[in-house]
Amino acid sequence: MDYRIDDGHRSLMDKLGILTDAAKYDVACTSSGSDRRGDGKGVGNAISAGICHSFSGDGRCISLLKILFTNECIYDCKYCVNRRSNDVPRASFTPDEVCRLTIEFYRRNYIEGLFLSSGILYSPDYTMELLYATLYRLRREYRFQGYIHVKAIPGADPELVRRTGFLADRMSVNLELPTAEGLRRLAPNKHRKNILAPMRQIQTGITQNKQELAAYRNAPSFVPAGQSTQMIIGATPETDYQIMSVAQSLYDKFSLKRVFYSAFVAVNEDKELPALPGGPPLLREHRLYQADWLLRVYGFRAEELLDEKKPNFNVLLDPKADWALRHLECFPVEVCRADYQLLLRVPGIGVKSARRIVGARKNGPLRFEDLKKMGVVLKRALYFITCGGRMLYPVRLDEDSIARGLIGGQGKSRRERELEAGYLLGAEGVTYRQLSLFDDVNFGPERRSGNGMESGPGLRGYAGRNFYGNL
């Protein structure tokens, strides 16, 4: 193939600066989920939890060499900084340049793998062939055995997607926006059918490959770490209920490993794009990630968390605590007898602590002191559990009084606290503010970095630590 790439003879470092910056809005980075030892003949390996996480000043995740192959694009999506009509510096790598960068960065211990996405250069087929050629050279010629996450290009030849899947650890196809109507408004060149087709192909390929691996141990692996997707939040008017329903459907129908949510950042001016005087909706994104964790790990369904009467998450309470407050008939739970799934629904009890409770109570009765040692967050759980038939101390099983205790309100009703935070239930314009690093209520003063986003530790820092462990 003759790779016709013309970027004005930019140096490799110039390209790297342009194309890493162009990739910063893609948040689909996570621990690898792929466990593969090197064979001693190549460079690197992949460990399932081995991709380390760091966080930039604007709260975005940096864990791999995350680059675009090119920021040239034939599409004109209204929300995208790389859209065709934008006057921005353009650059494109060659396959060999991506390979050299990956190997040299890996040898210096700067990275643990590669995250490769791309704008659409000339056509989906042309771009997908470039990505395939890059991965082929990296695996076969440079003998790189580390983690690779690559984007599949909607509309590309399925055979190119299939070949690439045998070279990558994880693949993803960006859903872009939650609904087909949103795509029609903001990305008229993209169609939901073209996006879902490679998702289905990858899912089918993974299923077939598992059968082949069971029958033939030496069969090549196809996307062993699974697939993921990403959608932009806040660019279109969908409710949290609609977004979580889409996520639930994707998990059910396509067996995705993760759905990523990216708070809309206004990088273009367009009458179709919303005004965001308060900046990107980072708190809303944070609540969606918490709810997504409940879907994937805690056994909740989207319709349990929200419905058409309550279409958006509470700004003051995490989704699990808010669900518990609306279902007080299920509480208090006796920790010495409740089954594992019921324990997972208690605020303050996470997956690890629930397992420890189930294991420890076989040896005798539990005390609140024991629960604390097991990792239960008693200041949250005390409203919803009994231990040996007794609560930690008497509390009123009343929604408003428990809410005040959970959010730290002193003499204020839940409605008053919501109004104070600027969250108007049922209003058209819901205002969100970024969480403090230390709690869900005491919002500190907003600080702005040079790119207009809120600086400081930010919400994504929680995702890389144990914040979700004891929801």
Side-chain angles (χ1 to χ4, degrees), residues 25-34 51 53 59-61 63-64 66 79 115 117 149-152 154 168-183 186-187 190 192 194-203 206 223 225-236 238-265 280-306 311-313 318-320 351 459-460 462-464 467-468 471:
Y25 298 110
D26 200 322
V27 299
C29 288
T30 185
S31 54
S32 68
S34 182
I51 301 301
H53 287 73
R60 297 198 174 270
C61 177
S63 43
L64 310 167
K66 188 168 72 169
Y79 51 82
F115 179 98
S117 185
H149 180 160
V150 66
K151 293 286 183 180
D169 291 287
R170 173 166 288 181
M171 295 187 77
S172 54
V173 186
N174 278 358
L175 192 67
E176 303 289 353
L177 296 164
T179 63
E181 173 60 22
L183 275 178
L186 301 185
K190 297 180 179 179
R192 181 58 61 90
N194 287 346
I195 293 172
L196 296 181
M199 276 191 190
R200 178 65 69 193
Q201 179 189 354
I202 294 169
Q203 180 208 17
I206 291 172
V223 195
Q227 67 170 321
S228 59
T229 192
Q230 172 184 333
M231 55 177 123
I232 299 168
I233 303 305
T236 45
E238 294 88 6
T239 64
D240 293 342
Y241 175 55
Q242 289 175 293
I243 292 168
M244 294 313 301
S245 296
V246 171
Q248 183 75 71
S249 178
L250 290 171
Y251 285 128
D252 292 344
K253 296 179 180 179
F254 296 94
S255 304
L256 296 189
K257 290 293 185 181
R258 288 289 301 271
V259 174
F260 291 88
Y261 309 91
S262 179
F264 170 64
V265 180
L282 294 177
L283 179 53
R284 185 185 187 194
E285 177 194 279
H286 178 59
R287 291 289 182 238
L288 290 168
Y289 271 116
Q290 288 179 313
D292 188 85
W293 200 271
L294 296 180
L295 299 186
R296 292 185 296 109
V297 181
Y298 285 75
F300 283 81
R301 301 284 299 178
E303 58 269 21
E304 293 182 88
L305 300 175
L306 295 170
N312 293 303
F313 288 116
D318 70 78
K320 187 176 177 183
V351 173
L459 304 178
R460 294 177 190 267
Y462 291 119
F467 180 72
Y468 298 115
L471 278 172

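Just so it is clear, the model here is predicted, and its values are computed rather than measured.
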inquiry  = Checking Ser245 now: which residues fulfil side-chain hydrogen bond (donor to acceptor under 3.5 Å, both in side chains) with it, not counting sequence neighbours?
reply    = none

inquiry  = Tell me whether Thr239 contacts the main-chain N or O of Asn312 through its side chain, where contact means a donor paired with an acceptor under 3.5 Å.
reply    = no

query = Salt bridge check: are Asp240 and Arg284 linked by an N-O gap of less than 4.0 Å?
reply = yes

ask   = Who pairs with Lys190 by side-chain hydrogen bond (donor to acceptor under 3.5 Å, both in side chains), at least two apart in sequence or on another chain?
value = Glu176

request  = Look up atom CZ in Phe260 and atom OG in Ser172, then write down how far apart they are to the nearest 0.5 Å.
outcome  = 8.5 Å

request  = Say whether, by atom type as modelled, one donor and one acceptor occur between the side chain of Tyr289 and the main chain of Tyr261 under 3.5 angstrom.
outcome  = yes

message = Any carboxylate oxygen within less than 4.0 angstrom of a Lys/Arg side-chain nitrogen, looking at Arg287 and Asp292?
response = no

ask   = CG of Leu175 to OG of Ser228: how many Å apart, nearest 0.5 Å?
value = 11.5 Å

task = Kindly say whether the aromatic ring centers of Tyr79 and Phe264 come within a distance under 6.0 Å.
result = no

CG-CG distance between Leu196 and Leu250, expressed to the nearest 0.5 angstrom = 7.5 Å

message = Side chains of Thr236 and Glu238 only: does a donor on one sit below 3.5 Å from an acceptor on the other?
response = yes

query = Any donor and acceptor pair, going by atom type alone, linking the side chain of Gln227 with main-chain N or O of Leu256 inside 3.5 Å?
reply = no

ask   = Could you give the distance from OH (Tyr241) to CD (Gln248), rounded to the nearest 0.5 Å?
value = 10.5 Å

